[in-house]
Structure formats: structure tokens, C-alpha cells
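Read the structure below first, then the notes.
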Number of protein chains: 2
Amino acid sequence: MTTIYDLAKKTGISKSTISRVVSGNGYVSEEKRKIILDAMHEMNYIPNQVAKNLRSKRTNTIGFLINDYMPLVGELINSFTQIASKYGYSVNLYFTKNSKKELHTLDLLTSKRLDAVFIALRLNSWDTISSYAKFGPIATWQRVEHPHIYSNYIDHYPIYYKILERLNNEGYDHVGHILSPIRNGNTQARIKAIEDFSQKYPDSIQTFDFYDGQNGVGHDAAEKWLKNSNPPKAMLIFTDYVAADFIATLRRHHVRVPEDCLVIGSDNSEIASLMNFPTIDLCFRNQMHNGFIYLYNQLNDTHLPYEHEEPHFIESY
Amino acid sequence: MTTIYDLAKKTGISKSTISRVVSGNGYVSEEKRKIILDAMHEMNYIPNQVAKNLRSKRTNTIGFLINDYMPLVGELINSFTQIASKYGYSVNLYFTKNSKKELHTLDLLTSKRLDAVFIALRLNSWDTISSYAKFGPIATWQRVEHPHIYSNYIDHYPIYYKILERLNNEGYDHVGHILSPIRNGNTQARIKAIEDFSQKYPDSIQTFDFYDGQNGVGHDAAEKWLKNSNPPKAMLIFTDYVAADFIATLRRHHVRVPEDCLVIGSDNSEIASLMNFPTIDLCFRNQMHNGFIYLYNQLNDTHLPYEHEEPHFIESY
DNA sequence: TTGAAAGCGCTAACAT
DNA sequence: ATGTTAGCGCTTTCAA
């Protein structure tokens, strides 16, 4: 591998001058610049990034942390990576699995391998996590109020409440809810919306369940629906992929969706349009975008503006 | 940030001795080890990875290259990253987009940021790509015969032929094929299977189409099917997500699947089980696994064994 | 405009 | 068993 030292030896010009033309900083005479450029070409010189990283104390790499794979994760990663690469950052994907491994991954911030971190799903307490913020910026789309962690969470309350009203108007007086097993802020917001709605419309029936895990959740919920002698005629489900599973299971048992049971997902992921069921766009693409923008701004002391978007209902077509 | 130098200053022990206890190489007396360990804890010492990388000329990072996002990519990345992390490697995801950017990404091998590279979809010629192999091992699951590139492609011919026979036995005498727009070896293999089959069973009707892009491909194909006055009663589609789109579109037009049209995907991805259609397991999980194993073996001069698995038909349940 | 020299944080050969 | 030293490849003062 050609190094800057090799070029110096070959051209008889000092390392520092060569560094100047490579990086484009500082004055170099046209004459020498040409000699160096030629040598670079001839010797196929590519600067060693790791050496640069050591000097600059940056890797231009951001970690994307998630506990485990779910189908939506592909779409999250996609959005995040695309915007990151636009600004010259690479993305490392980590499946944290358990809280110990998550800490281990956060150590990469400390050990200077990662400039910053986006946490799609956290496993340790935010207090613990935020103690890493002094080593590099941390962003998440989960709902947190913490001085050193950027969160661009979307409040699910308004849109959820709106949909309940809409369903009510359309005559759905019995609605089932499947909520995330992760009792985060958004789950709370949904529960609150259900409670407030129930209070205002005491005649409507709202039932809800939490499900653990992601695999088979939709399936299990569907089984329960099938066994129910008076099942809800509309279901609101916390994520599209679980909704898809739910729908698939009902259809396997010859229940017609949406005629016998209207199913509404959340996320506006690809599967919703593929399977043609209504969903809620909670703007995750936007959240990934803005999460990155925050990290970028912190890292580079810039003020790129955030993009704004409102959650909205997506009808099936 | 605490460095090894800080520890040396604090404990009065030399950097090398400290390095020894940190890395676990070499002899250190119990007495000194304890002092160092205590100091490490107290000062919250985490070794700087970048400095290590510079010294060792390794980053323990592997690049995963794909032209663009498709739903299956999430599942590929997942399999690859999980196995990589088991062996202590991080994975960087790159969307190469165009051939120039792909070359740029391959330069990361040259610039020592990446130890190795897995190419899920290539854009440049294999000849061009293989010229990077001297900087780090390269693996792919695409079909290539190249001395410096590992390929664990799966030959689609036998399984494809077998399924054609099976369909024939079940009375499907008119079968439609949707093939990948990427005219790679596997597409060739499928065409060959269709041709050979047609020759042996001249009465059966086999029609095929190529579709460009991935978005809307299933949709377009379905539109075509709908317009066809005598459409095939069975469809074989080159990837599950396109099959899903195809099915969704047919159903939107009240065509019953599989009763009116049997649709078989390829990949055995999550969506196939979710939407409950038959598919072909072409063992991509296995291919990701073995792709990594190759890279690992090359990098570490080991001989971890590959795992073997045969493509097989997955019935819907 | 250029070069010499120091240093980013770590490891390993060598010497003791 | 431990310390000294050199060096990975690069950038950036500082001095000329």
C-alpha cells in the first residue's frame, strides 16, 4: 500500500507538502502540485483513513442501535443510511440483544470508533445511556426527556384520538387495540387517547391487549379474535408487520378483511401498501432524517434545519 | 479521554506493561496487574480502537454493498450482521447507487477502513471489482467464476425444474414466469429450466417476462395478467416481495389467490409466510452465513466450516 | 511556499 | 517480568 511517505521518497518532496495537496489545505506551488498529483496517480495512492481518523479523532461513522431485527428495521436503516451517506457518514448496524451488549456498543463511542449513535430501541435506562453523551451525541426517535439525548418522538395521542372518532363516525362502536409490549411514552399516549375517548363516548366499546415479542404476535391476537364470540369489528394495531400477520391469520380462517374486520396498522411501511390495508403514517422516515440531522449538527457545529411532517391516516386504495 | 499514557503517568508503570494487561498478552506480575486494573477502573479507561486499528491494520469491519434498498435487503443484512457480530465484526451498510459510488466504496478497502467486503449486488464488472481483492477479501452470493472472488451462488436450475414438474403433475399446464431484470446466472438457469421443460413437455405452455426495477413490478405484471384473456393459472415470480405485490394487486381486483391463480415466490422471506403464499427457499440465510465465514477465514487464516443447505419448496400452510 | 518535527494512542521487538 | 524505543500514516504547528 502506498503511503504518503512513499510519495515523499519518490518525489523528493516532503510529507507535509504532499499532505497539503491530498487534503487541499494550504499553499502548494503549481509545479510541485503537478509532480505530486502525477506520482499519486502512478502509485495508486489512497490515503489511509484509519490514520486520518486517529489524528482527527473522528471516524465519520455513526452507530445504529436496535435490540433485534424486525421487518420495519430494514426500512428504518434504509432511511437513516441514505441521509447519512449524503452527508458523508457511514452507518454501522448493531443488534444489541441485551442491556450488556448495548453498553458494549455504546463503549464504541468512548473508544472513538463511533462519532455518534442513533438508538432505535434502547435496553438500558436513559440515565445510563445519557452518561455516554459526553463521548458523542446520541439521538433516538423514542420518547425521552433528557438533557443530553435528542428525541424527535411523535406524539401518538392526537392522531390516535382522531382515528377513534373517525371510526366512531363510521359506525364502529367496538374497537380492539393491540398495543406494543414496550410500555413507552407512545403506548401511554395511546392508552390515554382510548381512555379519553371512552369517557366522551361511553357507549363505544374499546378493548385492548398488550403482546410480548413481535414474532407471532399478530397470529396470537388473531387466534384470540377468532375465539371471541363477539369480536371487535375494527382493530388498531401498533405496527404494520403485526397487522399484516393478524390479517393473514384471519384470512386463513376465511374471515374477510376489511369487510368482517377492519384492520388499521401503524407506520406506513411497505407492507401496508403491499397488503393494501390502512395505516397511520407516523413519519418514521422523517424521524430518521431529523435524528441524523441532529447528530450531524452536533458533530459539525452546523445548523441544518429539521424537516417537519404531521402524522396522518393512510387509507387503503 | 483516558489514554494508556495517562495510566502510565498515574501508576508509574510503563505503557507497555499496561498494554499487556489491557490486551492480555504477555506476562505481568499479579501485583502490578492489580494496580493497573484499579487505575483502569478508577479512570474509566477504554482503549482507543482507532489507534489499535492503525497499528494492527485492521478495523474488524466489513462492508455490505447493495445498489439500493429492497425489502429483502433488511433480511439479508440481518443474517449477515448477526453472524458477523458473533465473530466480533461490525458491518457497514452501503447503498452503492451507481458504479462510480460502488468504486468509491470499494476504495474503503484500499484505504483500510474496511477489512473485507460482501457484495449483495454489484454494479461494476467483476473484473473491475476483483482488482480490489488484493486489498481485502471479497465475497458475494451472486453467480461468478472469478479467482479472487468467493461466490456461494445457488444453482436455481434443479429446484426450478422440479417445481415445473410438480405444477405439471398438479394439472397446471399454463405457467407464467416473472424473471429478474438482472440477467445474471440464476436468471439464465431459470430460462434453461423452462426451455428444457418445454422440450420435454411440449404441450405445456410456459410464458415469461422480464421486469425492470423492483418498485411496481408486481403491480405491472398483475395488470398484464388481468388484461390477458387467457392468463396463466400459476405464476412463478423471482422474488417474494414482487410476488406479494402481484398477489395484492390481483386480490384488489377480486381475483382469488391461489384459487384463480397460484402464485409462487422465491426467497422464503418473511412476507411469504405473512401473506401465506408458497415460495422457494433458496437459502439466502445460509449464503449470508457462508459469505461471512469465507471472509472471516481469509482474514484470520482459519478454516471454519461452511454450512450446507439445499433449496426446497415451501408450501403455504 | 516548503520542510522538520511532534504527536494522535497503541503495540511489539528488543533489551534488561 | 518490565521498560525503552520505534513506528503504524497522517496533519499541523512552527520555523525558515
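Labels below follow one simple rule: chain letters A, B, ... track the order of the sequence lines, proteins then strands, and each chain is numbered from 1.
- For the salt bridge (charged side-chain N to carboxylate O under 4.0 Å, His left out) test, no residue two or more places apart in sequence or in another chain qualifies with A:Glu145.
- Evaluation of the ring-ring contact (aromatic ring centres under 6.0 Å, His included) rule for A:Tyr87 yields A:Phe292, A:Tyr296 as partners, not counting sequence neighbours.
- Scanning for side chain to side chain donor-acceptor pair (under 3.5 Å) contacts around B:His308 gives B:Glu310, with sequence neighbours left out.
- Residue A:Lys101 places its NZ atom among more than 12 non-hydrogen atoms of other residues, nucleotides or ligands, all under 6.0 Å distant.
- At the phosphate of C:dG3, OP1 or OP2 sits under 4.0 Å from a side-chain N or O atom of A:Thr17.
- Judged by distance alone, the side chain of A:Thr110 and the main-chain N or O of B:Ile46 form no donor-acceptor pair under 3.5 Å.
- Regarding B:Glu30, its CD atom lies at a distance of 11 Å from the P atom of D:dA1, rounded to whole Å.
- Between A:Phe284 and A:Trp141, the ring planes are perpendicular. Angles over 60° get that label, and only those under 30° would be called parallel.
- Across the protein-nucleic acid pair, A:Asn25 atom CG and D:dT11 atom C1' stand 9 Å apart, rounded to whole Å.
- Note: CZ (A:Arg113) to P (C:dC10) measures 15 Å, nearest angstrom.
- Note on A:Lys10 versus A:Glu42: salt bridge recorded, some NZ/NE/NH1/NH2 to OD/OE distance being below 4.0 Å.
- With rounding to whole Å, A:Ile13 atom CD1 is found 7 Å from C:dG3 atom P.
- Residue contacts for B:Ser29: at a heavy-atom cut-off of 4.0 Å it reaches the sugar-phosphate backbone alone, with no base atom in range.
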With the criterion being N/O to N/O and under 3.5 Å, what pairs connect the protein with nucleotides 8-10 of chain D, and how long is each?
unit_1 : atom_1 : unit_2  : atom_2 : d
D:dC8  : O3'    : B:Lys57 : NZ     : 2.8
D:dG9  : OP1    : B:Lys57 : NZ     : 2.7
D:dC10 : OP1    : A:Tyr45 : OH     : 2.6
D:dC10 : OP1    : A:Asn48 : N      : 2.9
D:dC10 : OP2    : A:Ile4  : N      : 2.5
D:dC10 : N4     : A:Lys15 : NZ     : 3.1

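- Residues passing the ring-ring contact (aromatic ring centres under 6.0 Å, His included) test with A:Tyr94, sequence neighbours excluded: none.
- Protein atom CG of B:Asp6 is 14 Å distant from nucleotide atom P of C:dG7, rounded to whole Å.
- Which of C:dG3, D:dT2, C:dT11 sits closest to the side chain of A:Ser14 comes down to C:dG3.
- Between the C1' atom of C:dA12 and the CZ atom of B:Arg20 lies a distance of 8 Å, rounded to the nearest Å.
- Counting non-hydrogen atoms under 4.0 angstrom, B:Val22 reaches nothing in the nucleic acid.
- The terminal axes of the helix from C:dT1-D:dA16 to C:dT16-D:dA1, fitted over 5 pairs per end, subtend an angle of 40° to the nearest 10°.
- Checking side-chain atoms of A:Asp115 against main-chain N and O of A:Ile62 turns up no donor-acceptor pair under 3.5 Å.
- Side-chain nitrogen and oxygen atoms of A:Lys32 include at least one within less than 4.0 Å of the OP1 or OP2 phosphate oxygen of C:dG3.
- Computed from coordinates, the B:Arg33 CZ to D:dT2 C1' distance equals 13 Å when rounded to whole Å.
- Between B:Tyr27 atom OH and C:dA12 atom P the separation is 15 Å, expressed in whole Å.
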